[in-house]
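Since the structure comes first, as structure tokens, the remarks are kept for the end.
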Amino acid sequence: MKFGVLMFPGSNCEHDAYHAIRKVLRQPAEFIWHQSTDLKDCQAIIVPGGFSYGDYLRTGAIARFSPVMGAVRRFADRGGLVLGICNGFQILLESGLLPGAMLRNRGLKYVCRQVSIRVENARTPFTGLAGEGDVWNIPIGHMEGNYTLDTDAFQRLERNRQVVFRYCTPHGEITADSNPNGSAANVAGICNPRGNVLGMIPHPERASEPLLGSEDGVRLFQSMIQSRSQV
Amino acid sequence: MQANPAITAEVLEQHNLTHAEYDRILSILGRSPNLTELGIFSVMWSEHCSYKSSKLHLKRLPTQGPQVLQGPGENAGIVDIGDGYAVAFKIESHNHPSFVEPYQGAATGVGGILRDIFTMGARPIAAMNSLRFGPPDQPRNRRIMEGVVAGIAGYGNCFGVPTVGGEVVFEECYSQNPLVNAFALGLFRKDRIFYGKAVGIGNPVIYVGAKTGRDGIHGATMASAEFDEASESKRPNVQVGDPFLEKLLLEACLEAMKTGAVVGIQDMGAAGLTCSTCEMGGRADTGIEIDLARVPQREKGMTPYEIMLSESQERMLLVAAKGREEEIFRIFRKWEIDAVAIGEVTGDGMLRILDRGREVAEIPNRALTDEAPLYRRPVAAPARVPPSPTPAGALSNDWGKLLECFLASPNLSSREWVYRQYDHMVRTNTVQVPGADAAVVRVKNSRKALAMCLDGNGRYCRQDPRVGAQLAVAESCRNLVCAGARPLAATNCLNMGNPEKPEIMWQMTQVVEGMAEACRALGTPVTGGNVSLYNETLGEGIDPTPVIGMVGLIEPLSRLRGSWFVREGHRVVLLGPLVGQPTGYSSAVRHHLARLQPSRGNGTDLYTGWVGRLPCPPLDLDLEVRVQRTCREGIERDLILSAHDCSDGGLAVALAEMGFSRFGAGTLGADILLPPTEEVGEVLFAEYPSRILVTVEEENLVALEKIAALQGVPVTPLGRVVPEVLSVRRPGSVVLERSVVSLEEIWRNCLGGLFADPL
């Protein structure tokens with residue numbers, strides 16, 4: 001499956017995602033410049049982490065106006081797979097492809113470390129190879145990962161099973177202590193109602209080789225590939 | 001030439017120039033300088049740019065080796081790592097700005113060192129920093145530290161370089177003079193190296209990056225009202241960093257370099273446009289002529305003096321092949337960055353500055369660089385330190401309680417509060433995260449990894465600057481060896497007081513001597529570095545603090561080792577002596593150990609107080625080399641499974657650290673049996689160098705002992721890895737017994753507790 005990795009001025013995890021797709025998953029991948037509206041026939045789009053436009057104004061707030069995001073929206077409307085990682089998640093929120101907003105971390109500081117997340121919905125194209133309740137070890141690295149949404153909308157999100165990942169203890173319990181940033185109901189990743197757009201704060205590309213301490217992120221990419229090979 | 005205000009004694013003083021230096025300027029120019037020229041001389045002949053007090057001494061450092069592709073004198077040193085790859089690395093201080101404005105001071109320090117790396121064509125793949133503050137129980141010191149750490153994080157995280165390691169030290173002498181030394185390392189192909197040379201007469205000189213503003217023009221120079229007719233208020237003397245712009249600058253520069261149209265490039269760091277123009281010309285023996293009217297400016301009405309001395313960040317100067325400018329401009333347009341031809345390379349060796357075609361300064365390039373004044377300042381050893389205390393009788397103490405107190409010291413506790421704020425994983429190369437003896441990043445598409453660490457010890461250098469510097473070099477190499485690396489080369493940052501004081505100059509000569517001896521013995525040439533002098537407030541200087549940045553190669557990557565226990569049942573073995581030779585150090589250790597009162601230690605930093613009263617431990621460089629060789633061979637032959645340097649806090653702290661948990665792995669303990677012959681306290685807590693704790697499988701112990709015997713290195717099997725509990729026994733008695741979980745909690749919570757974070 002051909003992946004497209006977006007590049008905004010200030011993206012800095014695009015090469016990491018590209019490496020994971022090309023060298024670990026052995027799938028074709030191409031970079032797509034933010035000024036382009038041509039998604040080059042990719043079957044999945046990754047909006048990578050980093051600091052698009054320096055996080056100036058608000059994370060993701062400027063990147064949403066890039067020409068490429070119009071193309072990504074049309075791609076998502078047609079059911080294409082879109083994965084936003086960290087800053088990419090923030091861009092998807094600002095673009096309205098996913099509901100909600102990010103606040104600064106509860107601790108008011110950047111947090112980089114390994115965390116555990118629990119798979120809450122294994123029936124998405126991103127988690128099809130996981131079991132519900134599986135616990136993944138995966139790194140985070142962000143200043144704004146404190147997800148928030150008004151109560152009604154949040155209930156809808158929960159009802160629709162759009163919460164895909166939650167922060168948890170290494171044993172899979174959802175506790176306040178295992179929440180690294182204050183995110184509502186320990187949310188680490190959500191999808192749109194149709195399930196083809198996923199935003200997540202943890203970095204699956206940083207958990208894609210044993211050398212890096214975890215390979216759990218590979219299952220996410222493999223699930224994406226698997227979901228399309230069945231079509 | 002512009003109107004020439006009288007150069008009075010006052011003006012010279014404001015420019016930090018002596019009368020003798022001014023006479024030299026007169027003879028170089030054959031006339032009086034104008035104010036712009038005086039400003040240019042003052043910054044280029046400043047200690048910061050000219051190394052005028054230190055250069056003669058630094059020449060004694062070893063700088064050569066088959067692995068060295070570029071030694072001191074360029075923007076960064078370069079070392080060959082084989083298979084066509086090379087790494088560029090350097091360390092630089094940003095001490096003074098970080099005291100004035102901790103966040104921006106530290107942030108721009110990171111920005112500056114990153115530019116030094118990518119200006120050579122290398123993509124930065126790792127950063128580290130060495131930080132020193134006053135004791136963290138004082139709110140002011142905590143405020144400085146919070147700002148510095150946030151500044152490093154703010155810049156490095158956004159730029160996209162992983163900050164993978166470093167050191168944090170707390171001592172009273174840094175309360176008024178915090179030290180912020182930033183290190184960066186970049187990777188490239190060795191046939192793609194770029195130099196800061198303005199070659200090719202007629203080639204265009206191109207300014208790229210941020211616009212020039214009035215920030216950073218050095219404060220003292222224009223304070224007088226006489227020269228301030230415009231009487232515009234001067235901006236505070238701090239630069240502000242923009243990591244986003246620097247990231248774009250990196251990508252644009254690397255892309256431009258690929259075209260082949262770039263013939264020379266240098267960043268605009270200290271002394272901005274002045275330094276980059278005259279250094280690029282000086283290195284190539286050419287001249288440079290630029291017109292300031294073409295320099296992109298952020299504000300109106302800047303004078304030539306201000307433009308030439310501005311230290312606005314995120315700017316570079318490059319020299320292009322004539323006729324290929326457009327290829328470069330196109331790339332910078334893509335990244336939305338200014339790129340403007342501001343002049344050209346000439347053949348007359350002069351730095352010629354025009355303002356709308358009118359000449360405002362003309363100075364020979366080499367007079368500003370290679371021919372800047374050098375001083376052999378007076379050197380005098382200080383009065384000898386008082387004699388060491390008399391030995392105590394048999395030592396007794398609550399060693400378990402003492403270990404707990406030590407682990408709670410801000411100088412020994414976990415640095416997680418700091419490194420959690422740094423993105424240490426971006427680029428997905430970090431195979432040894434912060435907290436180990438050395439940071440390790442792999443080189444993708446190869447079998448190689450790079451190990452690196454920063455080490456300094458001001459407190460030992462205060463006691464004996466020569467041996468202290470040797471200890472710092474030895475420890476940094478030892479750290480790399482523990483990770484499975486072969487040390488390749490060093491960079492260094494000398495942080496000292498006022499060089500006009502003979503005893504400070506004595507410290508410098510001793511430090512350089514010690515560093516040179518150790519680097520020679522360990523085969524690690526020095527490829528560059530930085531000197532930061534005048535680290536004094538109200539006449540109180542810091543401890544002389546050389547910080548060593550060491551880089552080593554792990555190849556194949558399977559030789560990578562962690563500094564922690566791997567599995568129950570493994571043997572725990574000490575390479576190197578259990579205690580050192582009887583010296584003033586060992587008698588002081590015993591004397592003070594017997595007087596340490598851990599029961600009264602609550603809330604006080606017992607460790608820092610204790611170690612501050614000790615003289616410098618002796619170092620046998622020959623033994624050090626053999627211990628490191630033993631460890632390396634043990635790893636290369638797959639006998640040693642993990643290795644940890646015994647340094648700060650001694651053997652006991654090292655044993656505890658080896659058992660602490662990492663993500664996904666629980667704690668492990670050790671059952672240690674000490675021989676009855678030695679003083680227990682001295683074995684456990686003295687900081688003798690040349691000691692490495694390793695773990696091996698039972699059946700490999702003999703093979704390891706054989707290697708050590710061939711090297712003449714003592715080996716002591718101490719015990720075994722066990723679950724949960726660290727216990728140290730002697731025949732017939734228990735010396736200490738503690739659950740590792742409880743020790744770890746003390747160790748892990750110290751810094752976080754001081755800063756009282758909600759998370």
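Basis for what follows: all heavy atoms, side chains included, without hydrogens, waters or symmetry-related copies. Labels below follow one simple rule: chain letters A, B, ... track the order of the sequence lines, proteins then strands, and each chain is numbered from 1. If you're wondering where the values come from, they're calculated on a predicted model, not measured in any experiment.
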Plane angle bin for F244(B) and Y53(A) - parallel if under 30°, tilted between 30 and 60°, otherwise perpendicular: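 Ring orientation of Y53(A) relative to F244(B): tilted.
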In terms of heavy-atom proximity below 4.5 Å to chain B, should S214(A) be classed as side chain, backbone, both, or neither?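 Neither part.
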What part of P9(A) is in contact with chain B, defined as an atom under 4.5 angstrom from a non-hydrogen atom: side chain, backbone, both or neither?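 Backbone plus side chain of P9(A), per the 4.5 Å heavy-atom cut-off to chain B.
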If we define contacts as heavy-atom pairs under 4.5 Å, which of [options] has the most with chain A?
{"options": "N445(B), V161(B), D242(B)", "value": "D242(B)"}
{"options": "N157(B), L248(B), V433(B)", "value": "N157(B)"}
{"options": "V431(B), L557(B), V426(B)", "value": "V426(B)"}

Looking at every heavy atom in both L212(A) and T430(B), which two are closest together, and how far apart are they?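 That would be CD2-O, 4.0 Å.
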Taking all atoms of both residues into account, what is the closest heavy-atom pair of G10(A) and K247(B), and its distance?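 Of all heavy-atom pairs spanning G10(A) and K247(B), the closest is CA-CG, 4.2 Å.
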A quick test of your reading: do over 12 heavy atoms of other residues, nucleotides or ligands sit less than 6.0 Å from [atom1] of [X]?
{"X": "K258(B)", "atom1": "NZ", "value": "no"}
{"X": "D150(A)", "atom1": "CG", "value": "yes"}
{"X": "E745(B)", "atom1": "CD", "value": "no"}

Gap between atom [atom2] of [Y] and atom [atom1] of [X] - 0.5 Å precision:
{"X": "Q35(A)", "Y": "K334(B)", "atom1": "CD", "atom2": "NZ", "value": "10.5 Å"}
{"X": "R113(A)", "Y": "E416(B)", "atom1": "CZ", "atom2": "CD", "value": "7.5 Å"}
{"X": "C158(B)", "Y": "Y56(A)", "atom1": "SG", "atom2": "OH", "value": "6.0 Å"}
{"X": "K444(B)", "Y": "H19(A)", "atom1": "NZ", "atom2": "NE2", "value": "5.0 Å"}

Side chains of R442(B) and E209(A) in contact at under 4.5 Å (non-hydrogen atoms):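 Of all side-chain heavy-atom pairs linking E209(A) with R442(B), at least one is under 4.5 Å.
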Side chain, backbone, both or neither of Q432(B) within contact of chain A (heavy atoms, under 4.5 Å):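 Contact with chain A: none, neither part.
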Please check this pair: side chain of D423(B) against backbone of C112(A), looking for a donor-acceptor N/O pair closer than 3.5 Å.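 Not a single qualifying donor-acceptor pair exists.
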Would you sort out whether R427(B) and D16(A) count as a side chain to side chain contact (heavy atoms under 4.5 Å, CB included), showing the intermediate values? CA-CA 6 Å; R427(B) 304 200 63 75; D16(A) 304 353; 4.2 Å; yes
